[in-house]
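Computed over heavy atoms, backbone and side chain alike; hydrogens, waters and symmetry mates excluded.
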Amino acid sequence: MVLSVANKADMAKMGFAPMLSVAVLLGTLAAFPAAVHSIGVCYGVVANNLPGPSEVVQLYRSKGIDSMRIYFADAAALNALSGSNIGLIMDVGNGNLSSLASSPSAAAGWVRDNVQAYPGVSFRYIAVGNEVQGSDTANILPAMRNVNSALVEAGLGNIKVSTSVRFDAFADTFPPSSGRFRDDYMTPIARFLATTGAPLLANVYPYFAYKDDQESGQKNIMLNYATFQPGTTVVDNGNGLTYTCLFDAMVDSIYAALEKAGTPSVSVVVSESGWPSAGGKVGASVNNAQTYNQGLINHVRGGTPKKRRALETCIFAMFDENLKPGDEIEKHFGLFNPNKSPSYSISF
């Protein structure tokens with residue numbers, strides 16, 4: 001999960017408009033069932049007190065959650081998922097990028113051991129890297145190519161290969177129509193996705209934009225705009241579209257970046273989004289977390305102003321994770337407590 005939003009100047013502009021000269025008014029995996037919900041939940045396991053994978057899968061099913069993201073090829077989780085019909089985004093793990101990039105045989109072995117070995121799992125996407133930064137970004141595309149080739153050769157070309165990026169992979173995100181890729185390495189990745197029909201996976205957190213804005217003293221982003229509540233309307237004069245929530249503005253800036261890269265056909269899957277329920281930072285509360293996450297569930301089925309179609313989205317996360325590093329808030333994104341009781345009321 002991204003801990004801060006690097007393009008704060010862009011983000012601070014996205015929420016409140018009198019200061020911005022923007023009008024502010026108060027007031028699928030082909031084989032996967034077409035009717036699948038657009039909302040899933042990330043299953044992070046950086047904790048020492050979580051229920052076992054079989055219990056977790058049963059909890060997903062009992063709550064009607066039919067998509068999951070896991071962050072490495074976890075054999076216990078994969079066994080528990082077999083036959084469940086829960087659609088899966090599976091990460092390769094950033095530590096494997098170098099070997100997957102340099103060796104087609106390593107990619108073939110990874111696919112054999114972690115995908116082909118689990119024919120009962122409904123794999124949807126393989127995420128080759130999560131929020132990769134620095135020199136390691138050079139490994140993303142060759143690793144994607146090798147993993148994709150291995151899947152195709154195994155007769156599993158319907159499982160799409162992508163990478164999951166931080167929101168600060170994008171620049172000039174306000175207004176949304178100005179969005180572009182911040183770094184050159186992203187354009188070849190987008191072009192590869194266009195050739196394979198895979199989406200770009202992006203982690204989108206209005207919470208961090210709101211927190212950074214409030215802590216900076218600018219206070220341009222209104223809480224209601226960040227949490228799907230009415231009261232703020234922002235018009236993008238570049239595309240003529242109207243925005244009533246920060247999430248839509250952020251996602252549509254990603255679509256704009258893809259268009260500028262010459263890849264308008266590439267769709268977006270939000271691979272993480274959420275709001276902390278505690279942790280001592282601005283805005284981190286049970287009420288705000290419940291409001292944001294329920295708003296997200298209700299909202300994404302209708303897409304964004306730019307793309308009025310269901311937007312696949314994964315909430316971060318299923319459980320509070322007591323061993324997460326970083327700020328205390330990182331431990332408090334869970335929809336459920338480790339004992340499987342809900343952190344707050346939520347309906348899928």
Side-chain angles (χ1 to χ4, degrees), residues 14 27-43 59-69 84-89 122 124-125 127 160 162 164 167 176 197-207 209 224-234 236 239 241-256 258 264-275 288-318 333-336 342-348:
M14 297 177 76
T28 53
L29 178 73
F32 203 75
V36 67
H37 292 173
S38 54
I39 278 282
V41 181
C42 301
Y43 174 28
L59 183 60
Y60 272 69
R61 298 181 73 175
S62 71
K63 300 300 181 182
I65 306 167
D66 47 20
S67 296
M68 177 190 288
R69 180 183 180 186
S84 70
N85 204 35
I86 292 174
L88 185 66
I89 302 175
S122 299
R124 302 181 72 177
Y125 310 116
K160 298 304 182 182
S162 187
S164 182
F167 188 71
L200 178 63
L201 308 180
N203 297 341
V204 179
Y205 283 95
Y207 170 73
N224 64 291
Y225 188 64
T227 57
F228 299 101
Q229 297 302 293
T232 302
T233 303
V234 177
D236 182 341
N239 60 18
L241 297 174
T242 299
Y243 292 89
T244 58
C245 62
L246 181 55
F247 177 85
D248 279 354
M250 294 172 76
V251 173
D252 277 2
S253 72
I254 300 173
Y255 285 125
L258 289 164
S265 65
V266 176
S267 61
V268 173
V269 169
V270 176
S271 44
E272 288 182 11
S273 191
W275 197 285
N288 288 343
Q290 193 277 337
T291 299
Y292 178 83
N293 284 322
Q294 190 64 66
L296 183 69
I297 291 168
N298 297 341
H299 183 81
V300 295
R301 293 184 175 94
T304 69
K306 190 171 180 65
K307 302 284 186 180
R308 288 296 185 191
R309 57 175 183 253
L311 175 64
E312 287 186 69
T313 300
C314 272
I315 295 177
F316 189 90
M318 193 66 172
F333 274 81
L335 300 178
F336 295 88
S343 300
Y344 40 81
S345 175
I346 201 85
S347 174
F348 288 87

Between [X] and [Y], which heavy-atom pair has the shortest distance, and what is it?
| X | Y | result |
| --- | --- | --- |
| C42 | E272 | SG-CG, 3.9 Å |
| A198 | V266 | O-CG1, 3.8 Å |
| S273 | N293 | O-OD1, 4.4 Å |
| F336 | P342 | CD2-CA, 3.7 Å |
| A209 | L246 | CB-CD2, 4.0 Å |
| Y43 | M318 | CA-CB, 4.5 Å |

Original post:
Please walk me through it: do Y125 and E312 pass side-chain contact (heavy atoms from CB on, under 4.5 Å)?
Top reply: CA-CA 12 Å; Y125 310 116; E312 287 186 69; 2.7 Å; yes

Flag the pair [X] / [Y] as yes when at least one side-chain heavy-atom distance between them is below 4.5 Å, and no otherwise.
| X | Y | value |
| --- | --- | --- |
| L241 | P176 | no |
| I315 | L296 | yes |
| M250 | P206 | yes |
| F348 | D66 | no |
| I346 | I297 | yes |
| V234 | Y225 | yes |

Could you give the distance from [atom1] ([X]) to [atom2] ([Y]), rounded to the nearest 0.5 Å?
| X | Y | atom1 | atom2 | value |
| --- | --- | --- | --- | --- |
| N85 | L88 | CG | CG | 12.0 Å |
| N224 | C245 | CG | SG | 10.5 Å |
| S267 | K307 | OG | NZ | 9.0 Å |
| K306 | D236 | NZ | CG | 9.0 Å |

Side chain of [X], backbone of [Y]: donor and acceptor closer than 3.5 Å?
| X | Y | value |
| --- | --- | --- |
| S253 | V251 | no |
| R69 | S271 | yes |
| S162 | P199 | yes |
| Q294 | S347 | yes |

Original post:
Between the side chains of S67 and R124, is a donor N or O closer than 3.5 angstrom to an acceptor N or O?
Top reply: yes

Original post:
Do T227 and N288 meet the criterion of a side-chain donor-acceptor pair at a distance under 3.5 Å?
Top reply: no

Subject >> Step-by-step side-chain contact (heavy atoms from CB on, under 4.5 Å) determination, I39 to I65 >> reply: CA-CA 7 Å; I39 278 282; I65 306 167; 5.7 Å; no

**OP:** Please name the residue in the list D248, D252, T304 that meets the side-chain hydrogen bond (donor to acceptor under 3.5 Å, both in side chains) test with Y243.
**Re:** D252

Original post:
Please walk me through it: do S84 and R61 pass side-chain contact (heavy atoms from CB on, under 4.5 Å)?
Top reply: CA-CA 8 Å; S84 70; R61 298 181 73 175; 4.3 Å; yes

**OP:** Determine, stepwise, if the pair L335 / S343 fulfils side-chain contact (heavy atoms from CB on, under 4.5 Å).
**Re:** CA-CA 5 Å; L335 300 178; S343 300; 5.6 Å; no

Original post:
What residues, two or more places apart in sequence or in another chain, satisfy ring-ring contact (aromatic ring centres under 6.0 Å, His included) together with F228?
Top reply: F247, Y292, H299

